[in-house]
There are 2 protein chains.
Amino acid sequence: MTALTQDCFRALADPTRREILSLLSRQDMTIAQVAGHFDMTRAAVKKHLTVLEQAGLIQTHAEGRERINSFAPQGLRPAVDWLGHFDAFWDDRLTALKSAIEQDQTDA
Amino acid sequence: MTALTQDCFRALADPTRREILSLLSRQDMTIAQVAGHFDMTRAAVKKHLTVLEQAGLIQTHAEGRERINSFAPQGLRPAVDWLGHFDAFWDDRLTALKSAIEQDQTDA
DNA sequence: TTGACATGATACCTTTGGGTATCACACAAA
DNA sequence: TTTGTGTGATACCCAAAGGTATCATGTCAA
């Protein structure tokens, strides 16, 4: 069940793909632009982009003869949600966030 | 850089390993006990446990001739931290948490 | 139309990964 | 000590994954 979770984690398991996501989160890019950041062929990058797209982590749309790849943050939800099951185990993150919010309220 | 992040995501990429983590988060177990939950040999489970341990996701200690495996939540931090870089993209989770905390404060 | 460029797709190679089978070892109990 | 059980480790098998090379397609510009 939830093939989405599997696809998501599998996509995130490769360092190149995580880096691609990081790049696309800052700026939309064509395949050539993405490939320019790595020491591998455009075909290899294309494969990674395909994996990311099928996992719902990026979206693409044609623009003339170019193909724009953009980050799809909601694709990370399955991973975030799965990790959320363990929230009770590391209260520090929660605590830090709570502090930040309380601080924010004090400011307001 | 940060081999921890790579080890963590690689360990989480396998559904069996995620399930093992889920089991161990509820109860410490010997290898035999873990293996009892899966349709594979004890040796295969042992391999998964080794991957999880090297990623810092579980800890083990001998107890007689048994070996107890326990969940190490802090091992998930690299993944959580990496995902945290994208926090700005899906404010809903943050918002929900903020609401929960505010509710908590109202109660207090 | 023709040429140049950005991309898609496929075949192929090599390494990694998940799995089994098997043997060796340590410890508890009789 | 002997026996049985829980575990570690290795060799081996097969499928999947990451990569390159190569060719086909589509679009912009002259």
Side-chain angles (χ1 to χ4, degrees), chain A residues 3-24 27-72 75 79, chain B residues 1 3-24 27-72 79:
Chain A
L4 289 177
T5 301
Q6 177 55 23
D7 287 347
C8 186
F9 274 112
R10 238 207 77 247
L12 295 179
D14 186 274
T16 300
R17 286 195 288 267
R18 289 198 306 276
E19 176 102 23
I20 290 176
L21 275 190
S22 195
L23 289 172
L24 292 181
Q27 182 185 354
D28 289 0
M29 287 182 171
T30 65
I31 293 189
Q33 286 175 317
V34 174
H37 287 77
F38 299 94
D39 187 25
M40 66 181 72
T41 62
R42 186 178 47 76
V45 171
K46 164 63 177 173
K47 281 192 180 181
H48 285 305
L49 289 172
T50 299
V51 172
L52 288 171
E53 186 175 14
Q54 290 183 343
L57 288 164
I58 66 172
Q59 288 179 340
T60 66
H61 71 277
E63 199 159 293
R65 63 179 166 182
E66 294 181 340
R67 193 158 194 88
I68 309 300
N69 300 272
S70 51
F71 177 47
Chain B
M1 184 184 290
L4 289 177
T5 302
Q6 177 56 22
D7 288 347
C8 186
F9 274 112
R10 235 209 82 245
L12 295 179
D14 186 274
T16 299
R17 286 195 288 266
R18 290 197 304 277
E19 176 104 24
I20 290 176
L21 275 191
S22 196
L23 289 172
L24 293 181
Q27 182 185 355
D28 288 0
M29 287 183 172
T30 65
I31 293 189
Q33 286 175 317
V34 174
H37 288 77
F38 299 94
D39 186 25
M40 67 180 71
T41 62
R42 187 179 47 75
V45 171
K46 164 64 175 172
K47 281 192 179 180
H48 286 305
L49 289 173
T50 299
V51 172
L52 288 170
E53 186 175 14
Q54 290 183 344
L57 288 164
I58 66 173
Q59 287 178 340
T60 66
H61 72 276
E63 199 159 292
R65 63 179 165 183
E66 293 183 338
R67 193 157 195 87
I68 310 298
N69 301 271
S70 50
F71 178 46

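For clarity, every value in this text was computed on a predicted model and none was experimentally measured. Within every chain, numbering begins at 1; the chains are lettered A, B, ... in the order of the sequence lines, protein sequences first and strands thereafter.
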K46(B) NZ to dA21(C) C1', straight-line distance once rounded to whole Å: 17 Å
Euclidean distance, atom CD1 of residue I31(A) to atom P of dC5(C) [Å, nearest integer]: 18 Å
Q54(A) and D7(A), any side-chain heavy atoms less than 4.5 Å apart: no
Proximal nucleotide (of dG19(D), dG19(C), dT7(C)) relative to the E66(A) side chain: dT7(C)
Minimum-distance nucleotide (side-chain atoms of H48(B) versus dG8(D), dA6(C), dG18(C)): dG18(C)
Touch class at under 4.0 angstrom, heavy-atom based, for A43(B) against every strand present: base
Spacing of R42(B) atom CZ relative to dG8(D) atom C1', expressed in whole Å: 8 Å
Separation of dG18(D) C1' from F38(A) CZ (nearest whole Å): 14 Å
Separation of atom CD1 in I68(A) from atom P in dA6(C), rounded to whole Å: 12 Å
Selected nucleotide, minimal atom distance to R10(B) side chain, candidates dG17(C), dT7(D), dT20(D): dG17(C)
Between E63(A) and H61(A), a side-chain donor and acceptor under 3.5 Å: yes
Distance test, side-chain N/O of R65(B) to OP1/OP2 of dA29(C), below 4.0 Å: no
Euclidean distance, atom CD of residue E19(B) to atom P of dG18(C) [Å, nearest integer]: 16 Å
Verdict with reasoning, D14(B) to F9(A), per side chain to side chain contact (heavy atoms under 4.5 Å, CB included): CA-CA 8 Å; D14(B) 186 274; F9(A) 274 112; over 6 Å; no
Nucleotide nearest T30(B) when distance is taken to its side chain, options dG8(C), dG18(C), dT7(D): dT7(D)
Residue pair R67(A) / T30(A), side-chain heavy-atom distance below 4.5 Å: no
Value in whole Å for how far the C1' atom of dA21(D) lies from CE of M40(A): 16 Å
N69(B) and its side-chain contact (heavy atoms from CB on, under 4.5 Å) partner, picked from L23(B), L24(B), V45(B): L24(B)
dG8(D) OP1/OP2 closer than 4.0 Å to side-chain N/O of R67(B): yes
Closest listed nucleotide, where the reference is the side chain of T41(A) and the choices are dG8(D), dT20(D), dG19(C): dT20(D)
Distance in angstrom units between E53(A) CD and dA9(C) P, rounded: 10 Å
Nucleotide of dT7(C), dG19(C), dT20(D) approaching K47(B) most closely (side-chain heavy atoms): dG19(C)
Earlier contact from the 5' end, DNA chain D, for R17(A) and E63(A): R17(A)
